[in-house]
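Chain letters run A, B, ... following the sequence lines, proteins first and then strands; every chain starts at 1.
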Number of protein chains: 2
Amino acid sequence: MTATSATTSPKETRRRRKNDPESVRADILAVATREFSEKGLSGARIDEIAEKTRASKRMIYYYFSDKETLYLHTLEAAYQKVRLQEAELDLDHLAPLDALCRLVRFTFCHHAKNPDFIRLVMIENIHHGRFLAQSELIQSLNAGVIDVLGDVYLRGVATGCFREGLDPRELHWLISALSFFNVSNQHTFARIFDWQQAAPENQQKLEDHVTDMVLRYVRVDRVAP
Amino acid sequence: MTATSATTSPKETRRRRKNDPESVRADILAVATREFSEKGLSGARIDEIAEKTRASKRMIYYYFSDKETLYLHTLEAAYQKVRLQEAELDLDHLAPLDALCRLVRFTFCHHAKNPDFIRLVMIENIHHGRFLAQSELIQSLNAGVIDVLGDVYLRGVATGCFREGLDPRELHWLISALSFFNVSNQHTFARIFDWQQAAPENQQKLEDHVTDMVLRYVRVDRVAP
DNA sequence: TGCACAATGTACGAAATGGTACGTTCAGTC
DNA sequence: GACTGAACGTACCATTTCGTACATTGTGCA
């Protein structure tokens with residue numbers, strides 16, 4: 001991602017340019033991501049983003065028109081990054097049960113490791129998803145997610161280890177809910193119930209429980225004796 | 001809650017006062033709840049709250065010192081309201097399985113019917129729960145919630161319908177997660193997956209699935225044939 | 001009835017904040 | 001090397017926004 005640091009790229013070494021628009025843009029976006037995810041759309045300050053950038057406030061408006069557009073780009077970049085990581089997951093060669101298990105654990109861990117993304121989605125929901133609605137990019141990015149899960153599920157039904165009649169979209173909803181909540185509500189939950197939810201051992205426990213829960217929900221009912 | 005409407009109370013009818021601090025306070029708090037839950041702490045405007053109140057901005061500062069204190073009171077009032085409704089739930093006379101079922105459905109529906117509360121909790125999490133941490137009131141309010149669930153669970157284990165080894169706190173976490181996510185992420189989820197999640201029939205489906213999921217998680221494993 | 005204090009209205013101040021005008025420098029092209 | 005447009009810096013403006021000073025009215029009580 002930081003390819004414009006003028007070290008190996010022939011194009012870059014030749015040019016030796018002082019102006020580096022790509023990197024300036026990326027830098028602004030990175031700072032904006034931190035600021036927006038930390039303080040929200042209304043809480044984040046353009047001046048503060050400008051300060052933390054190696055560019056100036058002028059540059060923010062030069063590349064991103066206004067605050068809301070910058071926020072939208074931040075949101076899009078975040079979704080893009082997530083879906084890119086998801087794409088690396090290769091479930092086709094795994095048995096359905098293992099595949100589902102892996103998908104759940106991946107989602108759980110991924111969310112836990114990317115609180116910035118989670119917070120941005122929370123913030124976007126506070127805004128009723130009105131920016132997400134403007135972005136065709138995000139809509140298209142997410143199209144495939146359900147298909148992957150749906151494929152695993154259908155294979156599982158075919159092999160007889162998953163019960164029939166479930167909707168992949170609802171299944172994805174369940175997995176998302178548990179993984180998302182783990183990050184989104186960590187602060188209030190931990191404080192109210194005086195529980196070190198973020199501690200590694202508790203995170204491990206939760207990951208196991210979540211995986212267990214999804215599997216128990218999907219697996220075929222075992223016949224009573 | 002709206003006891004100061006000067007209709008039946010003898011004290012009120014006698015006095016016929018023009019100054020009505022209690023009701024002004026309550027009015028401010030009600031408006032503030034709407035504004036904060038809609039726009040967040042930084043997004044909400046004191047001037048706008050003042051406009052929508054039948055009192056003036058001066059009164060807001062008179063009763064609530066500053067913006068953050070007003071927000072804190074809003075949060076406390078919201079939690080209080082919720083816990084009050086929860087307290088009405090009487091699970092002791094129900095069989096463990098029925099009790100758990102009812103608890104899950106209640107939580108799910110309650111959250112769905114109180115998006116303002118959910119949004120406030122989301123916002124509070126964006127702020128890392130730092131206001132909730134200041135409030136001894138909220139801490140104390142939530143103490144009993146786990147106990148109720150824990151009681152049902154233990155009864156279920158005793159009767160042999162629930163499996164052993166589960167932590168009531170983690171069980172509560174699961175129920176909360178699913179019920180909370182249903183409201184908190186409705187906008188982004190519905191838009192991304194082009195799903196009318198808020199539609200009554202889908203809400204009913206989700207409620208059933210969530211209940212089903214929790215029960216499947218808690219019930220004893222049925223023996224294989 | 002008048003006093004003390006709570007409750008309320010009006011107007012204003014100071015700082016923060018989104019956004020812009022205007023000028024300057026850089027880099028590729030003829 | 002002059003020209004052009006992209007890339008960038010500085011200073012500034014208009015508005016918003018939290019909060020307050022000050023004056024006024026209502027209310028219970030001696």
Nucleotide [N], atom [atom2] - distance to [atom1] of [X] in whole Å:
X: B:Glu35; N: D:dC18; atom1: CD; atom2: C1'; value: 15 Å
X: A:Ile49; N: C:dA16; atom1: CD1; atom2: C1'; value: 15 Å
X: A:Glu22; N: C:dC26; atom1: CD; atom2: P; value: 20 Å
X: B:Glu51; N: D:dC18; atom1: CD; atom2: P; value: 12 Å
X: B:Arg54; N: C:dT8; atom1: CZ; atom2: C1'; value: 13 Å
X: A:Ile60; N: C:dG19; atom1: CD1; atom2: C1'; value: 11 Å
X: B:Met59; N: C:dA6; atom1: CE; atom2: P; value: 13 Å
X: B:Glu48; N: D:dC18; atom1: CD; atom2: C1'; value: 14 Å

Do any N or O atoms of the protein come closer than 3.5 Å to N or O atoms of nucleotides 19-22 of chain D, and which pairs are they?
{"from": "D:dG19", "atom 1": "OP2", "to": "B:Tyr61", "atom 2": "OH", "distance (Å)": "3.2"}
{"from": "D:dG19", "atom 1": "OP2", "to": "B:Lys67", "atom 2": "N", "distance (Å)": "3.0"}
{"from": "D:dG19", "atom 1": "N7", "to": "B:Lys57", "atom 2": "NZ", "distance (Å)": "3.0"}
{"from": "D:dG19", "atom 1": "O6", "to": "B:Lys57", "atom 2": "NZ", "distance (Å)": "2.5"}

Legend entry - Among D:dC8, C:dT8, D:dG9, the one nearest B:Tyr63 by side-chain distance: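 That would be C:dT8.
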
Inset, instruction - Please work out if B:Ala44 contacts a base, only the sugar-phosphate, or nothing of the nucleic acid, heavy-atom cut-off 4.0 Å. - result: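 Sugar-phosphate: the residue B:Ala44, judged by heavy atoms under 4.0 Å, touches backbone atoms but no base.
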
Inset, instruction - Sequence neighbours left out, what pairs pass ring-ring contact (aromatic ring centres under 6.0 Å, His included) with at least one residue falling in residues 39-68 of chain A? - result: A:Phe64-A:His73

Inset, instruction - Would you work out how much the helix from C:dT1-D:dA30 to C:dC30-D:dG1 bends between its ends, with each end axis defined by five base pairs, to 10 degrees? - result: 0°

Legend entry - side chain to side chain donor-acceptor pair (under 3.5 Å) contacts in which one or both residues fall within residues 175-185 of chain B, not counting sequence neighbours: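 Sorted pair list: B:His172-B:Ser176, B:Asn182-B:Gln197, B:Asn182-B:Gln203.
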
Counterpart residues, side-chain hydrogen bond (donor to acceptor under 3.5 Å, both in side chains), relative to [X] (two or more places apart):
X: B:Gln139; result: none
X: A:Arg83; result: A:Glu86, A:Asn142
X: A:Glu170; result: B:His209
X: A:Asp167; result: none

List, one per line, each side-chain donor-acceptor pair under 3.5 Å for residues 25-33 of chain A, sequence neighbours excluded.
{"from": "A:Asp27", "atom 1": "OD2", "to": "A:Arg54", "atom 2": "N", "distance (Å)": "3.1"}
{"from": "A:Thr33", "atom 1": "OG1", "to": "A:Leu29", "atom 2": "O", "distance (Å)": "2.7"}

Inset, instruction - Sequence neighbours left out, what passes side-chain contact (heavy atoms from CB on, under 4.5 Å) with A:Ala199? Give chain and number order. - result: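 Partners of A:Ala199 by the side-chain contact (heavy atoms from CB on, under 4.5 Å) criterion, ordered by chain and then number, come out as A:Gln196, A:Glu201, A:Asn202.
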
Inset, instruction - Answer with yes or no after comparing the ring centroid distance for B:Trp173 and A:Phe181 against a 6.0 Å cut-off, counting only values under it. - result: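 Yes.
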
Inset, instruction - Could you tell me whether A:Lys81 and A:Glu76 make a salt bridge, using a distance below 4.0 angstrom between a side-chain N and a carboxylate O? - result: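 The answer is no: the pair does not qualify as a salt bridge.
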
Inset, instruction - May I ask you to decide whether B:Asp208 forms a salt bridge with B:Arg105, counting only side-chain N to carboxylate O separations under 4.0 Å? - result: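 Yes, charged N to carboxylate O under 4.0 Å.
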
Legend entry - Selection: residues 124-134 of chain B, any non-hydrogen atom under 4.0 Å of DNA chain D: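 Per residue number, the list is empty: none.
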
Inset, instruction - With sequence neighbours left out, write down each residue that passes salt bridge (charged side-chain N to carboxylate O under 4.0 Å, His left out) with A:Lys39, or none if nothing qualifies. - result: A:Glu35, A:Glu48

Inset, instruction - Nearest-nucleotide wise, let me know which of B:Tyr62 and A:Gly43 is further upstream toward the 5' end of DNA chain C. - result: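 Its nearest nucleotide lies further toward 5', so the answer is B:Tyr62.
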
Inset, instruction - Verify the contact: side-chain N or O of A:Ser56 to OP1 or OP2 of D:dC8, cut-off strictly under 4.0 Å; return yes or no. - result: no

